[in-house]
Structures are given as structure tokens and as C-alpha cells.
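Just the heavy atoms: all of them, side chains too, but no hydrogens, waters or symmetry mates, feed the values below. Quick note on labels: first sequence line is chain A, next is B, and so on, each numbered from 1.
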Amino acid sequence: MLDTKYNHLDVEKDKYENWKEKGYFKCGDTSKEPFTIILPPPNVTGKLHLGHAWDVSLQDIMARYKRMDGYDVLWLPGTDHAAIATESKVVKKLKSEGINKYDLGREKFLEACWDWTREYGGNIRKEWAHMGCSLDYSKERFTLDEYSVKAVNKVFIEMYKKGLIYKGKRIINWDPEAKTALSNEEVIYKDTKGAFYHIKYFIEGTNDYLDVATTRPETLFGDTAVAVNPKDDRYKDLIGKNVIVPIVDRVVPIIGDIHADIDKGTGVVKITPAHDPNDFEVGNRHNLERIVIMDETAHMNEETGKYNGLDRFECRDKLLKELEEKDLLIGIEEITHSVGYSERTDVMVEPYLSEQWFVKMEGLAKDLINMQQDKDNKVNFYPKRYEKTIIQKAEECYDWCISRQLWWGIRIPIWYKNDEIKASVESPGEGWVQDKDVLDTWFSSALWPFSTLGWAMEDKSLFERYYPTNFMSTGYDILFFWVYRMMFQGEQFTGKNPFKDCYMHGLIRAKDGRKMSKSLGNGVEPIEMVEKYGADALRFYLTTSSAPGLDLRFDEEKLSATWNFINKIWNASRFTLMNIEDIKEINLDNLSFSDKWILTKYNDTVKIVRKNMDKYEFQNVGTELYNFIWSDFCDFYIEASKFDIDNEGTKSTLLYVLTGILKMLHPFMPFVTEEIYQMLPVKSAESIMISNYPKYEKKLVFSDTLELMNSIRDFITKARISKKDNNIKKDCKYTFRCSTDQKIENLICDMLKLTKENIAYQEEIDTFESISVDYDNHIFNANLVFYFEVSSEDKAKEQESLLKQKEVLESQIARREKLLSNQGYVNNAPKELVEEERTKLDNEKKELELINLKLKD
RNA sequence: GGAUUCUUAGCUCAGUUGGUUAGAGCAUCUGCCUUACAAGCAGGAGGUCGUAGGUUCGAGUCCCACAGAGUCCACCA
């Protein structure tokens, strides 16, 4: 027997291990249709945060739902080596031990990374287990395992040969702390306080100068021109003349270029082709020299004379001082402007000229756009609007910088010998040297949906069976990092989109709407919440509390309310189990009105739940189940069943409906549903995980009963209000007439807790005041009269309440009459709706008559 | 500059082909320890659905404008 209270700690203990041992998580039943989900691989040394908990819950819901519904489900787990993130952690750790990465050397450093990975890699698996994720661990992958590395090499070489990957000298975003190039996506722009420094650039051979404004004065060492707009009347005559770059005293030309904006700043721009992407373009147009003035750590190099060796910001300070001393600084104008920071290290990104590998995006992006036009092969986004976002991204289409000057990652399969270049995994022979760089983590992630399934392996059976995948779920924050890239790589190498449906969820925010972050200290640990309320509550709360694509404000009170809901389910189960111990089989032949009613309601619920599950509208599923279970099943049906509990049909109904409830809840709350399922006296499977998902059963739908019982329920509610409003005591007397059926009369008496002692005798009645509750429609009518002693105060109260009722009724009748006299409504609205309105109007009129009668007394 | 989301009860949010009197949790008020559950039960109060127009027989829902809040992309000498 169940305890009186739900204890999530007991319930969630050991179940996961048991499921895993039984092999329920494994795919492979080829008699069934496959259903595939690939888990977005978290950073191998990372920690599960609430966003992950949300993400894995969504996927587990789909995995469990489809598994129960007869599919061969593969939910494939894996982790990502997370190049920069992991490498920077290992560097930091070594540093604390007084070890420098470069002194240690590449091989030993990689060993340290592997050690780190092994040490922390298990954590994430424990967290999946806490959350109840039904992952097939026999297929677990890592972005540095054979599956991934082979695919990455194959893809790289093929793209290189097709000219889709090229090496180029360009301005890229440089992270001076991690000492690597970054892609545009890895740069985060933040509003930063800075200044326009106005500097004098003297025109050669004159005492006149140009006022050049810059936010990065230290780059003047790399200036090789000054540009003005050719249409700018102020300066156009100067084009062709030269200016002298201050401090370095270099003579550089004044050029005319549209890049110089007449309205911006002073209209004069210094051109530093090696340190600014726009200037780089200008430099190309005018054949300007590119002078690199910094090293890879953003310290000034030998080009800067006495500033050589200084950090960029230190150099800026000292340079400004010197400019001031030499009267070359016109002024400083403080501004707030947007500056790029590295996503991982949070240092200011430096635009930096270097040689890097790029993916040529034009053709790939076009293919992606075309694929989305194809109804049968497109990715369906949930919510839909993300498709537009993806398309826009594809239309912008700038090349993707994929080389990283790191060691932890997949090394670029390119070999050099003198001037020769070869693409190959193995060394082409003696004297060949491999490219030192590794690939962007996201390059391997982009292949993840097919690399994990053995696309590059000899045995392609998994790929053939489970690709393309069915469901992808992820936060919108990695739409461009990942979803976009998976799409074009999938299309390019498999000819198909890697997933059919892509569900985007939002971010988890703190209760005040701010982002959860370490610096604000407002983060919530999912594991703490699991300990406090259970994984079941956390999963249900996270997945049913917001609409797709929207952020979720984490509210512990709501999580606690979810716990209460589970406690309610627990107790409803407890009641059911207490009353059906002796049942041997479910027999739904001999059913009462309320049995038929709950079965009908239940089947409606099954239908709506399935519909919404298939559309990933989990918040609707949540609302539907919550209302059905709490309001219909617990508050009404269980109460009604108490008076009929010895009936075989009622016992069967209780068990049948409870079983269905547990099954529909199972994807959301796997642990508690399994706990209760195991105690059911009649069940079809050894675990709820592998039982069948409920189906709509037409033969268990009794529409007439639905209508009847809804009316009865209405009547009971009304009678209850009357009882209370008029302060009727338990010992009052009543007479009760119900025209339909003796059973219904009994049920109503029971539900209203009216007992034989309350029956009134005629002679008594005469001396008592009375109130009555009437209900009359075409399938059910009843009349309940309470007789009781009443004070003048009570009587006044009743009058007041009747007048109020009258007022409400009259306004409703007026509204409905207006509606029904509207020909447009009568002609256009659905017939049933109009008919319903008519019935209601009739009822309301009858009710009003009764009230008027009572008011006359 | 472009795109996009949000604005519904005191608070946090649902409301998906337009159709009863707009729902829930928490908080609040009234009455109940009724033998599944007081972390509960039975009720009550609380909303002119951001503002102003339009389409429609009918708008929280569709369209337009405006206001406020947020996010993404581009630009940022």
C-alpha cells in the first residue's frame, strides 16, 4: 500500500538503474518503425544547468511517448570536446600548478586534456540519470571518437577538394587570451564606454592638419592611408596629397573611398588594413600595404618602436600621453559604442590579419534556402518563425572561419612540403608537415546527426536505419552555431536535412526576468531542485509552463505546486488501490452513469493529449491532464465512485482510467508513474515504460451520459451554493425530486451529503421557510427544496442574493436574445453553436421565472 | 537600420484553423480535520486581455498604427 504522502526521494531511487539494466533504453526492434533523436552534446566537462534539464526533459518526453506508442526509439547520447572551453580550463589548471602549456608541449598537453575529460566526463552521465533520460548508452558518442573524427576528416577533405574550404589571409576576430581565431558567431557585442580620440595628421609640406577620430589610437602604427569621401567638398581637393602619421612619421596618401562617411565623425578615417576588416577592404581597393603591429597576445610588436612589447591598452595610454605632449591630440570625446568580446574568455576581440581556413558559404547557404522551399524535405520548425530566422541567416552568408589555434580538437588534415599542399589524414610521406591548427568545435558538431550514426564508418547500418532523425530540440541561442550548420552539412553530405522537426525552446531566466549567471549569483542548480521536489516535478514544471520558443522564468513556487499535483495523483492512486485490491481483470460491462461519464471524459482527454503531443504543444498537454485528473477524476468521479465502490464496473473504471492517466503522464513524470504502475493489480507490461500509450476508444464514449452528468454536476454545484449562502445547517430538512432515475437521485443526495434524517414531513414544512434549487433541461431535471428556520437577517440575505441572480440572468438573456436575433450570426455560426445558445436562452428564461416567483413571496 | 517576441487577475503564466460568461498556479477572503490527499475539500472576490483604429454576424485571437519591455542580425573610423 502506498504511503499517505508522496515521497519523491523514495520513488526515484533505483528505478533508473533498473530500466537501464533491463535494456529498455536500447533501440533495435526492427519490426517497428524507427524514431530517432540525437541529444545535443553538452560540453564533456560541463555541468548540467536548468537549460539542459529543460532540453533533455523535452527529448525524453518524445522518446518515451514514441517508445510507448510502438516505435523503435533511438535516443543517442554524446558529449562535445568543446575545444576552447575545455582547453582554457586545462590551461588554467596547469597554470595553477606553475605549468605553461607551451613548455609542456602539444602531446603532453593533450594527455592532460584527456585526463581532464575522463575525470569530469562521468558527471554529465550521472545528471542524465537524475533526470531520468532514457538514452541508449550503447550508442554513446564523443566528438573526438572514431565516428566523429573519421567523418570530420572525410568532410574536410571532400570540401577542400571541391573548393568549399579554402585558406585565406584575412582580418578575423582574434581572441588574444586563448590566442586563436574565432568565428563571427563567437563574438559577443556589448555596449562599452570608450572615446573618440581626435588626432592631428599633418598634411605633408604644410602646417595644416586633418582631424582624424579613432577609438583605437594604438592602431596608428599600422596606418597606411587616410581616407575621405570623394564627394566630400571639405576634403576632395586633398585626395592625392599625403599626410604624416603622427609619432611614426610615416608619409601616407590621402585617398578617396566611399568607406569614409561624410556624416560620421570628422569625415576623415585612418586606414589600418591589417587591423580592421573595413580598412582591409579599402586596402585591397587601393593596393595599400598591410602592417601588422601586434602579436598574437595583443602586445605591440617591433613595428611600434619603443612601444614594442606593451599590451594594447598600456600602449594606448602611453601613446595618448605622448600625443598630448607633442600637441598632436586635439581632444577626447567620450562615447559608448559596441565592442566585440570573446564568447569564451570574455576578452576584447582584436580584429587581426592572419591566415585561416574558411568554409565558403555562398553555395551551401543557397542550397539550404532551396531545401526549405521543398515541402517534403524541409525542416519543420516549432515555432515556425525560426525558419525565417534561419533563412535570413543564410541570405547574409559570410564565410565561416573554421581554424583555431588550439591543440584540443580535431587537427586539420592538411599537409605541407615546401610549396606543396595535400589534404590527407595520414602523412603523405617524408618531409611533410601537418597544419598545426585544429577545427572549430562546431565543425564536428555540424556533422553530429550523421557522424554519430556511422556515416563515415564501414558499418553504416545505423545510419541507414535511423537517419534522418525525427526530432531535434535545442535552445534558440545556438540556432546559428549549430542548427544552421547541421542543416547545410546534412544537406551537402547526405542529401537530406538531418532532422524533420526542430523544436526550439527559450532560455531559463531568474524570477525577475534576468539571465541566470554566476556573476549575479541567481543561478539555480537543477540537481538541488531534483533533491527538493523530485525530477518528476521538475520535468513536468519545465516542459508545461511555457509556450514553444519563449523564455521561462524559473519560479520555485510553481515547482512546488507541481509537487502538490503529483501528491494529488499519488493519493488518487492510493484511493484507487485501496478499493480494487481484489480485482482480477478489467471488466467494463456493467457501468454506472458516472463510470460512463468519466470514461467519456477520459477518452476526450486521450484524444486531445495525443493531438498536442504530436504538435509538441506540451503546455496544452499539461493543462489538459491537470484539469482532467484534478477536477474530473479526483474532485468529481472519485467522490461519486465512493457511493458505488462495490460495483465491479466502477472498480474496473477506476483502474482503467488510473492506468491511462499514469501512461499519459509517464513521459513527463517517469518515476512516480512507474512506482504506482508496479502496484496495479492488473497490468499488461512489466514496466510502464514499455506499456502501450492510451488510444481513443470509441466504444467507451457515451455522449448522452456526458451531457447528463454535466447537467447533474451543474445542479450539484448550484445546490451547494444555495446551501452555503443561506447558511443551511446539517439538520435542515429537504424534499428532493429528480425525474430521471432513482440512481441519479441517490448520487445527488450522496454528493450533497443529504441524509435520511433530513427528509422533511409535510406538517413540519409548513412552519419552515424554504429555498429551492431547480434544474431543468431536455435530458435532466431536478428540484431540491430546503426547509429551515430562518432569521430576518437570513431572509434579507436571500432576497439580496436573488436580486443579484436576477440581474445577472437578465443581462445574459438580453445578450443572448440580441445574439440570436442577429441574422448574420444565425446564418454563419456553426449550427450546433446556435442550437446551444437557444437551449441556454430557454433555460435562463425558466430560471428567471422561478426567481421572480420567489421574489414575490 | 532590418527581423522578431512579449504586454491577459496582486504576482508568474496558459489561452494554436476567430465562436458559451477569458483560464490555471501562488497570494487573498469565507466555511470545513468529510475515513485518498489540510501540501487537502467546498465556495467567494479579483480582468473594459498595453492604447487607438480596421476586417467580421462575432476579435484576447486576424490586419494597421502607436507606446513600453526584451532578443537576434547588421553597422559601430
Query raised in the report: Given pairs defined as Watson-Crick or G-U wobble with both distances under 3.5 Å, what dot-bracket annotation applies to RNA chain B, with ( ) intrastrand, [ ] crossing, | other strand and . unpaired?
Result: (((((((..((((.....[...)))).(((((.......))))).....((.((..]....)).)))))))))....
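Each of A:K515 and A:V268 was matched to the nucleotide of RNA chain B holding its nearest heavy atom; the match closer to the 5' end belongs to A:K515. Between A:E617 and A:Y626, the residue whose closest nucleotide on RNA chain B is further toward the 5' end is A:E617.
A ring-centre distance under 6.0 Å is found for A:W563 and A:Y6. Separation of the A:Y541 and A:F554 ring centroids falls under the 6.0 Å cut-off.
A:E810 and A:Q812 are not linked by any side-chain donor-acceptor pair at a separation below 3.5 angstrom, with hydrogens and angles left out of the test. Using a 3.5 Å distance cut-off with no hydrogens or angles, the side chains of A:H286 and A:D257 do pair a donor with an acceptor. A:H198 and A:E333 share a donor-acceptor pair across their side chains, judged by distance under 3.5 Å alone.
In this structure, A:N564 reaches the B:rG40 phosphate: one of its side-chain N or O atoms is under 4.0 Å from OP1 or OP2. In this structure, A:W630 reaches the B:rC41 phosphate: one of its side-chain N or O atoms is under 4.0 Å from OP1 or OP2. Contact annotation: A:K642 side-chain N/O to B:rU35 OP1/OP2 distance is not under 4.0 Å. For the pair A:R385 and B:rA3, the criterion of a side-chain N or O lying under 4.0 Å from OP1 or OP2 is not met.
Residue-to-nucleotide contacts include no donor-acceptor pair under 3.5 Å from the side chain of A:K558 to the base of B:rC26. Side-chain atoms of A:E556 and base atoms of B:rU12 include no donor and acceptor less than 3.5 Å apart.
Taking atom CG of A:D477 as the reference point, atom P of B:rU5 lies 18 Å away to the nearest angstrom.
More than 12 heavy atoms of other residues, nucleotides or ligands lie within 6.0 Å of NZ in A:K615, so this atom counts as buried by the packing criterion.
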Report task. Give the intermediate values and the outcome of salt bridge (Lys or Arg N to Asp or Glu O under 4.0 Å) for residues A:E556 and A:K532. Result -> CA-CA 10 Å; A:E556 196 171 331; A:K532 212 162 158 189; 2.6 Å; yes
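Residue A:D261 is classed as a base contact, given a heavy-atom separation below 4.0 Å to a base. Here A:K264 lies in heavy-atom contact (under 4.0 Å) with a base.
Salt-bridge formation is detected for the pair A:R316/A:E218: a Lys NZ or Arg NE/NH1/NH2 atom is positioned less than 4.0 Å from an Asp or Glu carboxylate oxygen.
B:rC49 and B:rU8 are spaced 11 Å apart, taking the P atom of each and rounding to whole Å.
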Collect all protein-nucleotide pairs involving nucleotides 56-58 of chain B in which both atoms are nitrogen or oxygen and the distance is under 3.5 Å.
from   : atom 1 : to     : atom 2 : distance (Å)
B:rC57 : O2'    : A:N822 : ND2    : 2.2

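In the region residues 390-398 of chain A, proximity to RNA chain B at under 4.0 angstrom, judged on heavy atoms, holds for A:Q392, A:E396, A:Y398.
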